[in-house]
Amino acid sequence: RGRLDRVWTSPSGAGLAMSLVLRPVVPDAAWGWLPLLAGVASVDALREHGVPAVLTWPNDVMVDGPAYDGGPGPRKLGGILTERVGDAVVVGIGLNTDLDRDELPVGRATSTRLEGVEVRREQLLVAILDRVRELYTTWQLTAGDAVRSGLADTYADRCLTIGRPVRATLPGGEVLEGTAVRIGPDGSLVVQQGGSTERSVSAGDVVLVR
């Protein structure tokens, strides 16, 4: 299941789909950083195996470059969805690993195999878990402070969205266009709309404008 109850499918054995159950002991306002933390962990694990992965806010794992159908990129390698259940957060991570060209659901999709990297899913799983543990422990020790823990800077370094023109479709249907300038203290995306006017986007569909 994707965001907004969107449905996606993957051929058997062609991807890594995993869920983590986390019970953070930090202020509720900091919980918005969990999908971003999971994104950093996923990207770092992929990079460890030679895949040049990046993030687009808030939860897509991408590879920069044009799509295989000739359209604009970046190419989508996977996604992350978090859901709060009581005192816990379920973090779902889905990554395409062994999809071939004729199995891609859309032209903007990709897989580790199509990026020229053969990686065993078990190895990728372990690498993601190791990186989540490292980031999550430090984040909790700083009471969920993304700046003090270094998570904010690490995420910004891996995020393709920062500094780019974006179009955000907000939950109420409003469309916001501007330049993504930074990540807010609560994990939201700060968009500058001409001059010095800034808006924080905490939910919605955000796409890069090419």
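All values below come from the heavy atoms of this structure, side chains included, with hydrogens, waters and symmetry mates left out.
- Between L208 and L160 the shortest side-chain heavy-atom distance falls below 4.5 Å.
- Atom CG in D60 sits 3.5 Å away from atom NZ in K76 (nearest 0.5 Å).
- Scored by the side chain to side chain contact (heavy atoms under 4.5 Å, CB included) test, D69 finds A67 as partners (sequence neighbours excluded).
- In this structure, L77 is not a member of the same hydrophobic cluster as V106, with clusters built from ILVMFWY side-chain heavy atoms closer than 4.5 Å.
- Hydrophobic cluster of V175: no remaining members, since no ILVMFWY side chain lies below 4.5 Å from it.
- Counting heavy atoms from C-beta on, the side chains of V126 and Q123 never come closer than 4.5 Å.
- Taking CD1 from I128 and CD from E48, the interatomic distance works out to 10.0 Å, rounded to the nearest 0.5 Å.
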Taking distance alone, no hydrogens or angles, what donor-acceptor pairs closer than 3.5 Å link side-chain atoms of residues 22-35 to residues at least two apart or in another chain?
unit_1: W31; atom_1: NE1; unit_2: V26; atom_2: O; d: 3.3
unit_1: W33; atom_1: NE1; unit_2: P185; atom_2: O; d: 2.8

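- Taking the salt bridge (Lys or Arg N to Asp or Glu O under 4.0 Å) definition, one finds that E177 meets it with R167, sequence neighbours left out.
- Note that the OG1 atom of T154 and the CG atom of L135 stand 7.0 Å from one another [nearest 0.5 Å].
- Side-chain atoms of T179 do not come within 3.5 Å of backbone N or O of G163 as any donor-acceptor pair.
- No side-chain heavy atom of R75 sits under 4.5 Å from any side-chain heavy atom of R108.
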Exercise. Take V51 and V119 through the test side-chain contact (heavy atoms from CB on, under 4.5 Å) and record every step on the way to the result.
Key: CA-CA 10 Å; V51 182; V119 56; 5.6 Å; no

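- Shortest non-hydrogen contact noted between A203 and P171 is O-CD, 3.4 Å.
- If you chain together hydrophobic residues whose side chains sit under 4.5 Å apart, L170 and V207 never meet in one group.
- Applying the side chain to side chain contact (heavy atoms under 4.5 Å, CB included) rule to E118 yields the partners D98, R113; only residues at least two apart in sequence or on another chain are considered.
- For the residue pair T142 and S149, the shortest heavy atom distance occurs at OG1-CB, 3.3 Å.
- When hydrophobic side chains of Ile, Leu, Val, Met, Phe, Trp and Tyr are connected at separations under 4.5 Å, V181 ends up clustered with V190.
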Self-check item: side-chain contact (heavy atoms from CB on, under 4.5 Å) between Y155 and L37, worked out
Solution: CA-CA 8 Å; Y155 180 87; L37 185 154; over 6 Å; no

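- Every residue meeting the salt bridge (Lys or Arg N to Asp or Glu O under 4.0 Å) condition with R133, not counting sequence neighbours, appears here in chain and number order: D130.
- Between the side chain of W57 and the backbone N or O of T161, no donor-acceptor pair lies under 3.5 Å.
- Looking at residues two or more places apart in sequence or on another chain, you find no salt bridge (Lys or Arg N to Asp or Glu O under 4.0 Å) involving R121.
- Without hydrogens or angle criteria, E103 side chain to D100 main chain gives a donor-acceptor distance under 3.5 Å.
- At a threshold of 4.5 Å between non-hydrogen side-chain atoms, the residues T56 and V206 do not count as touching.
- Taking Ile, Leu, Val, Met, Phe, Trp and Tyr as members and joining any whose side-chain heavy atoms lie under 4.5 Å apart, directly or through other members, the hydrophobic cluster of Y68 also contains L99, L104, L114.
- Residues forming a side chain to side chain donor-acceptor pair (under 3.5 Å) with R131 (at least two apart in sequence, or on another chain): D44, E134.
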Quiz item: Hey, mind stepping through E115 and T110 against side-chain hydrogen bond (donor to acceptor under 3.5 Å, both in side chains) and telling me if it holds?
Solution: CA-CA 7 Å; E115 297 301 327; T110 188; 2.6 Å; yes

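- A heavy-atom distance below 4.5 Å is not found between the side chains of L16 and I93.
- The closest donor-acceptor contact from the side chain of S200 to the backbone of S188 lies at 3.5 Å or more, if one exists at all.
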Self-check item: S42/I80 under side-chain contact (heavy atoms from CB on, under 4.5 Å): CA gap, chis, key distance, verdict
Solution: CA-CA 9 Å; S42 300; I80 295 163; 4.1 Å; yes

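- The closest donor-acceptor contact from the side chain of R199 to the backbone of Q193 lies at 3.5 Å or more, if one exists at all.
- Here E122 pairs with nothing under the side chain to side chain donor-acceptor pair (under 3.5 Å) rule; sequence neighbours left out.
- T138 contributes atom OG1, which lies 9.5 Å from atom CG of L151 (distance to the nearest 0.5 angstrom).
- Not counting sequence neighbours, the partners of R182 by the salt bridge (Lys or Arg N to Asp or Glu O under 4.0 Å) test are E198.
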Practice problem: Please assess L20 against V90 for the test side-chain contact (heavy atoms from CB on, under 4.5 Å), listing each intermediate value before the final yes or no. | Solution: CA-CA 6 Å; L20 309 177; V90 180; over 6 Å; no

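- In this structure, L95 and T112 have side chains that are not in contact, with every pair of non-hydrogen atoms separated by 4.5 Å or more.
- Separating the CG atom in L46 from the NE2 atom in H49 is a distance of 8.5 Å, to the nearest 0.5 Å.
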